[in-house]
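In the text below, chain A, chain B and the rest are named by the order of the sequence lines, each starting its count at 1. Values reported hereafter were calculated over all heavy atoms of this structure, with side chains retained and with hydrogens, waters and symmetry mates removed.
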Amino acid sequence: MKQLWQQRLQQHHREMLKYSRYVFNEFFTLALFIFLGALAYGYSGLLETLNGQLWWAKPLMLVLFLCLLSFGRLATLLQQADTLFLLPKESALLPYLLAARRYSLWVPLVVDVLFFGVLLPFQVVATNLSASSGLLLCLSLICLKDGQLWLQLLNVYTVSLQKQRQRGWLFYGLAALILSFGLWLPWLGLGLAVVAVTALRLYLPHFLAGARFQWQAAVNNEDSRMLQLYRLINLFTDVPQVRGKVHRRVYFDPVLKLIKKRQRQTFSYLYLRAFLRGTEYFGLYSRLLIVGALVLWAIPTWWLVLVLGGLFLYLVGFQLLPFYHIFDENLFVYLYPVSIKQRVKSFRQLVQSLLLVQALIFALVTFWTLSLTHWVLFIGLELVLTWWLSRSRFMRQLPNR
Amino acid sequence: MSLEVDHLTGGYTQIPVLKDLTFTVPDQTVVGLIGLNGAGKSTTIKHIIGILTPQKGQIRLNQVTLEQAPETYRKALAFVPETPILYPTLTLREHIELTIMAYDLDTKQAWQKAGDLLARFRLAKRLDWFPANFSKGMQQKVMIVCAFIVPAQLYIIDEPFTGLDPLAIRDLLAVIKQQKARGASVLMSTHVLATAQQYADQFILLNAGKIQAQGTLTQLAQQFNVENGSLDQIYFKMIGEAQS
């Protein structure tokens, strides 16, 4: 089983390496450096304005510690098929899980150390704690993380969901208490953390004796953990595992009613529902819409607003184009007695309406920041662009039959 | 004649899977398409529903080919796939509504028919659920309901008997009977020979992309010299002959 773990880990690393090449492309790395530089500059500026100890510094640190503690879960790298193929190996699974738990500590460890490195200047300026106290706090936090991973290991052997939840609350309560002590007397905090985790560690065999491994729950946990990771990667490149989830979104039903139930509206009916209830394109559209609205609202130069408004319209429309193919894998789309011409037309109408909604929201936002003449100019440009993009520019990318 | 397949040669690449198939599905007839895995049943069906184009030969449905009148051809056809194909973003009600729209059916009549079918297949309470989350058998029932609200001339059912519970199989056979009485015909591919023998009027035995034999059970029994034989026996004899 140890060998299996090594194998899985290699597989996982290979996969992550593959994706990291896409995520950390030159453009993104550059942007990241600039962003981090700006952040560091801002942080150092902020530190200079602080003078003397602040009453809220320690409570803030406590909250940050607890948030940090929730980062990083037990990575078992189990797969759905394991519930079938590894079933006969159930009793031999513990060494595998122990190896997995040990591995799961690495990422939080690195993140915690980095975090404390960043926090240290603030801590020294705003509290009475010295740099060495920071080190002790960091150690206590890592110790608690270790304990939390033991608890998560215990959870995959626990049937009762209620018990798991109780343990979770107990853990966070205790962690908050220990870290509070640590912010007051760092040595005491570390001591308490070590005692607590050692106690848990000693009691663990007692809990595990006779407990059954919860296959389905463990595999589901791992799936949801990987899905989070894939979602993050999916912001940069396409990940096949992230199949869009579907939400009913009842509040859009009035919008859906706008489509008349006629044969030539067949694809409008399909496209609109797929758009409003899916996550992928809906998320893309709403994110760009919000970012665009904020940017336009924040920019004081009128001609820049005009240029960026147009750019955002083009960008959103362009991102929507692959949505045309969303039903390509559904055989029935080809069987309907509805022509491709109708399908293209329906899609065009969808893009047009979405761009129109965007233009209107942009117009609403800029109404408060632009002078009336400039605003009229802006709305005119947005409307003309919407018309041109959806009627002509984007149609070239779609099948023309 | 509901369906006429005339010297059909076709497949996915230059190398044909189907070699010179000729058969018909007359009106008011249930035809069973029988063959081993990989014999070419699904490929035949894909050509008939028009997602593959014949390399040679013609397929006519109600006397028209897909090229001549695509919309008429498609309207005369309804299809139940082997693996359910559903829209993840549509509820069951919306799947039915969509079918009504796409085939330009009369809403009231179609919903009446849908109501009957939904009750028959015990789906009436699930109208506002997403069928994409149903079990496989229930998804198959959804496909059946959506296919049979279309008043088609030819229903094509790919492997209807696996995955359905015994009640659903009985109900499906009853629905097929109703449609037959109305004048429609059915082409179904299956491995379940005992059921096929009972409910199909004619059979097409496919082997390695060729038609080995076709006709009614009596005709086939004569051809293979199996007196009072079951479809099973005829089929095994045919495979034996083909291999020797």
Side-chain angles (χ1 to χ4, degrees), chain A residues 242-253 255-283 285 323-343 345-347 349-350 399 401, chain B residues 42 45-46 48-53 61 64 66 69-108 110-111 128-133 142-143 146-147 150 152 154-156 158:
Chain A
V242 182
R243 264 172 293 143
K245 272 199 164 177
V246 172
H247 298 284
R248 177 70 179 83
R249 299 201 177 109
V250 185
Y251 43 88
F252 280 132
D253 280 3
V255 183
L256 295 177
K257 288 217 177 81
L258 293 177
I259 305 265
K260 294 232 170 57
K261 284 167 192 145
R262 303 247 173 76
Q263 190 183 24
R264 58 193 157 80
Q265 301 274 38
T266 303
F267 279 100
S268 301
Y269 187 93
L270 268 176
Y271 275 126
L272 192 61
R273 276 170 176 75
F275 179 80
L276 291 179
R277 291 180 188 166
T279 36
E280 204 182 337
Y281 285 89
F282 182 79
Y285 177 77
F323 189 64
Y324 175 81
H325 297 285
I326 190 123
F327 304 117
D328 278 9
E329 276 167 41
N330 190 315
L331 182 83
F332 279 90
V333 171
Y334 306 98
L335 299 190
Y336 296 142
V338 182
S339 64
I340 292 186
K341 229 162 114 186
Q342 280 294 346
R343 180 176 172 183
K345 198 174 156 200
S346 291
F347 183 72
Q349 281 168 351
L350 177 82
R401 260 195 288 170
Chain B
S42 296
I45 287 174
K46 280 180 190 157
I48 298 171
I49 62 178
I51 53 168
L52 287 178
T53 312
L61 183 59
V64 294
L66 185 62
E71 258 119 79
T72 326
Y73 186 99
R74 294 213 163 104
K75 261 190 128 166
L77 186 100
F79 175 53
V80 181
E82 184 184 1
T83 339
I85 305 170
L86 293 154
Y87 297 99
T89 43
L90 296 198
T91 63
L92 174 53
R93 186 193 302 282
E94 289 163 346
H95 273 88
I96 294 168
E97 262 175 12
L98 182 75
T99 312
I100 293 172
M101 286 165 78
Y103 286 87
D104 203 13
L105 308 177
D106 177 75
T107 310
K108 217 172 146 195
W111 265 110
D128 292 310
W129 298 38
F130 286 113
N133 305 331
V142 174
M143 302 312 300
C146 287
V150 180
L154 177 70
Y155 295 92
I156 296 182
D158 198 356

Subject >> Which portion of B:I51 sits near chain A, non-hydrogen atoms under 4.5 angstrom >> reply: side chain
Subject >> Closest contact, heavy atoms only, B:E71 versus A:P337 >> reply: CG-O, 3.3 Å
Subject >> Residues which pass side chain to side chain donor-acceptor pair (under 3.5 Å) with A:S268, listed by chain and number, not counting sequence neighbours >> reply: A:Q265, A:S346
Subject >> Pairwise distance CD1(A:I259) to CE(B:M101) - rounded to 0.5 angstrom >> reply: 7.5 Å
Subject >> Residues of residues 75-83 of chain B with any heavy atom under 4.5 Å of a heavy atom in chain A >> reply: B:K75, B:F79, B:P81
Original post:
Heavy-atom distance under 4.5 Å to chain B: side chain of A:R264, backbone, both or neither?
Top reply: neither
Subject >> Heavy-atom closest pair, residues A:R277 and B:L90 >> reply: NH1-CA, 4.1 Å
**OP:** Determine the minimum heavy-atom distance between A:Q263 and B:A102, stating which atoms define it.
**Re:** NE2-O, 2.9 Å
**OP:** Answer with side chain, backbone, both or neither: which region of B:L86 has an atom nearer than 4.5 Å to a non-hydrogen atom of chain A?
**Re:** backbone
Subject >> Part of B:T99 lying under 4.5 Å from any heavy atom of chain A >> reply: neither
Subject >> Positive for side chain to side chain contact (heavy atoms under 4.5 Å, CB included) with B:I85, one of A:L331, A:L335, A:V333 >> reply: A:L331
Original post:
Are A:R248 and B:T91 side-chain neighbours, meaning at least one heavy-atom pair lies under 4.5 Å?
Top reply: yes
**OP:** Decide yes or no for B:T89 and A:L270: does some side-chain heavy atom of the first lie under 4.5 Å from some side-chain heavy atom of the second?
**Re:** no
Subject >> Portion of A:R273 that has a non-hydrogen atom of chain B nearer than 4.5 angstrom >> reply: both
Subject >> ring-ring contact (aromatic ring centres under 6.0 Å, His included) involving A:F327 - partner list, sequence neighbours excluded >> reply: A:Y271, B:Y87
Subject >> Region of B:Y73 that comes under 4.5 Å of a non-hydrogen atom in chain A >> reply: neither
**OP:** Only counting residues at least two apart or in another chain, list the ones meeting ring-ring contact (aromatic ring centres under 6.0 Å, His included) with A:Y334.
**Re:** none
Original post:
Using non-hydrogen atoms only, which part of B:P70 is less than 4.5 Å away from chain A: side chain, backbone, both, or neither?
Top reply: neither
**OP:** Over all heavy atoms of both residues, which pair between A:F332 and B:M143 is shortest? Give the atoms and the distance, please.
**Re:** CE1-CE, 3.1 Å
